[in-house]
Amino acid sequence: MITITLKDGNTKAIEAGTTALDFAKSLSNSLAKNVLAVNIDGVTSDLLTPLDKDAKVEFLTFEDEGGRKTLRHTASHILAQALKHLYGDKNVHLAIGPAIDNGFYYDIDMDKQLSQKDLDAIQKEMEKIVKENLPVVRSEVSREEALKMFADKGELYKEELIRDLPKDEKITLYTQGDFVDLCAGPHLPSTGKVKAIKLQNVTGAYWRGNAENKMLQRIYGTAFLKKADLEAYLHLLEEAAKRDHRKLGKELDLFSFHEEAPGIPFFHPNGMIIRNVLIDYWRSVHKRYGYSEIKTPMILNRKLWEQSGHWAHYKENMYFTKVDDEDYAIKPMNCPGGMLVYKNEPHSYRELPMRLGELGSVHRHELSGALHGLFRVRNFTQDDAHIFMLPEQIEGEIQSVITLFDEVYNTFGLKYHAELSTRPDDSMGSDEIWEQATDALKKALEHRGLDYVINEGDGAFYGPKIDFHLTDSLGRTWQCGTIQLDMLMPEKFDLTYTGEDGQKHRPVMVHRVVYGSIERFIGILIEHYAGVFPLWLAPVQVAILPVTQDNDAYAFALQKEMQNRGMRVSVDNRNEKIGYRMREWQVKKAPYILVVGDKEMADNTVSVRKHGEKAVAVEARELFIEKAMHEIEARK
């Protein structure tokens, strides 16, 4: 007998050799029905894996990442089998087919260029394989057997993968019906559990991501346990497509991109209004939290970047120029400039913490294929801040930053969760410094009572960090805010303060951003609000539509009154029918449309239509203005 420890800490004695699936059945029929994979001592495995020693066991359902990926990995094998059925074993050469965050893909090499019509046929064949409920069987073979088998099949990519495996690594195969694939697993016990499949699109992908290799076809798909969940996900994708910030950015005339500056956005007047309102809000918040704003140069000498470590650790992402025959770099980050501002004069412990904020324009070289609207650009404005502090002030300052973040994200209706990223492989500094810095961030999160997950090895090269992931109105997450604790840069730049003892000491430093990138944050807000910005952010807050020319004077007087209160108002008195003009302003997503005719003039009122509502309300002119001003000032 062996002892199995379950997730809740309970233990069970079972016979050695019992499969994980049989063990699940002994615990609960409901569990056995829903379980997709098993975690054995931290390793995700097939349900048919025998339990042959004492172990910690956690059963994984579709709610768990391991369960979802096991189902979707199996779906990728079903896709490969369907391709072989439809186009012939010798005509389809398989590369790799992993599960990914929202589905799966398979890279294939075949002469036929697949279309959407082909994907529909492939999906039907996949559904047939699912109905057959074929057992999925794992086996181990020698390297020689595997190489011979795939060579006989003409699977050159599989041969290459096998040759690249370590000599002592087991070669595992998975068989379902007439199909065998090289794979480490895990997989479902049979194909029948993959109840809901959707092939989404086909794109090009270089073998192993290397542009010097052959271009393959990559088929993307997704899979769920239930058709209802798949339909809900596809609806979410449709809604996301409607909210695509690139599409809405064009429709609302916010920004554009041009080949003369690839990856660098051009902001139009409407986009500049949103941008400037966000900056004004940023400044007002940071003033209340005790920050002083600075501005540092965009081009700085190579020696500074060598001193900061960016030349060694970040050079491939930087742009360079020469000035007076010396090397300079266009800044990819604001921090070194902030160091020089601090170092410009001596400081006392009484001045700390010192909080310096900067809306700094930075440039980073991104591959052209990675560029994506405002989400991935080559030039952006980072709402940076650097806080210089005493060691005993670390937790209090981090708590203060989290409070600031909480206020800002709540203003936009964005929920968030935190992730703590630890020391990466290419880090600078001693183990002791890293341990001290990481522990300080952990304590701040725990004392705050903020749940977090740990991302091992994902910190900056100079220090650990807390990342804030925002959840938008569609439930998607975006990484924006960051708090990075840095005990290395002050050392590199020889930053000091005079302590209470009259001696020189080294300050601790925090790097932090709340928007992350103003450009990217605007893109997130466009999609979060589907282009329907809250009144305080909208480029045009109120559109006034006079019914006839006789009502123009009343409309323009109303506009002037509102503009005097700081509101952004447009009068549309074009020679078009009122219904046509109203529809246009609805498409432009103006928060309020006011229709003014003879009756409104006589009664000193306005007919108000709020975006997204069909009802039209007649309100006293002054009452509407006061209500709108309250909505703007409250940033509702």
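Start at 1 with the first residue, then count along the sequence.
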Aromatic ring proximity F521/F412, centre distance under 6.0 Å: yes
Euclidean distance, E395 CD relative to H447 NE2, rounded to 0.5 Å: 5.0 Å
D64 with K69: basic N within carboxylate O range, under 4.0 Å: no
Pairs touching residues 405-419 that satisfy salt bridge (Lys or Arg N to Asp or Glu O under 4.0 Å), sequence neighbours left out: R288-E407
Set of ring-ring contact (aromatic ring centres under 6.0 Å, His included) partners for H235, sequence neighbours left out: none
Pairwise side-chain hydrogen bond (donor to acceptor under 3.5 Å, both in side chains) hits with a residue in residues 262-274, at least two apart: D253-H268, S256-H268
Salt bridge (Lys or Arg N to Asp or Glu O under 4.0 Å) partners of residues 447-476, not counting sequence neighbours, each pair once: K465-D467, D472-R476, R476-E527
Contact list for residues 372-389, test salt bridge (Lys or Arg N to Asp or Glu O under 4.0 Å), sequence neighbours left out: E366-R376
Pairs flagged by salt bridge (Lys or Arg N to Asp or Glu O under 4.0 Å) wherever residues 627-636 is involved - sequence neighbours left out: E619-K627
From I394 atom CD1 to I387 atom CD1, the distance as rounded to the nearest 0.5 Å: 11.5 Å
Full working for salt bridge (Lys or Arg N to Asp or Glu O under 4.0 Å) between R275 and D280: CA-CA 9 Å; R275 182 187 178 93; D280 289 345; over 6 Å; no
Polar side-chain atom of H630 near backbone of E626 as donor-acceptor pair, under 3.5 Å: no
F375/H372 aromatic ring centres below 6.0 Å: yes
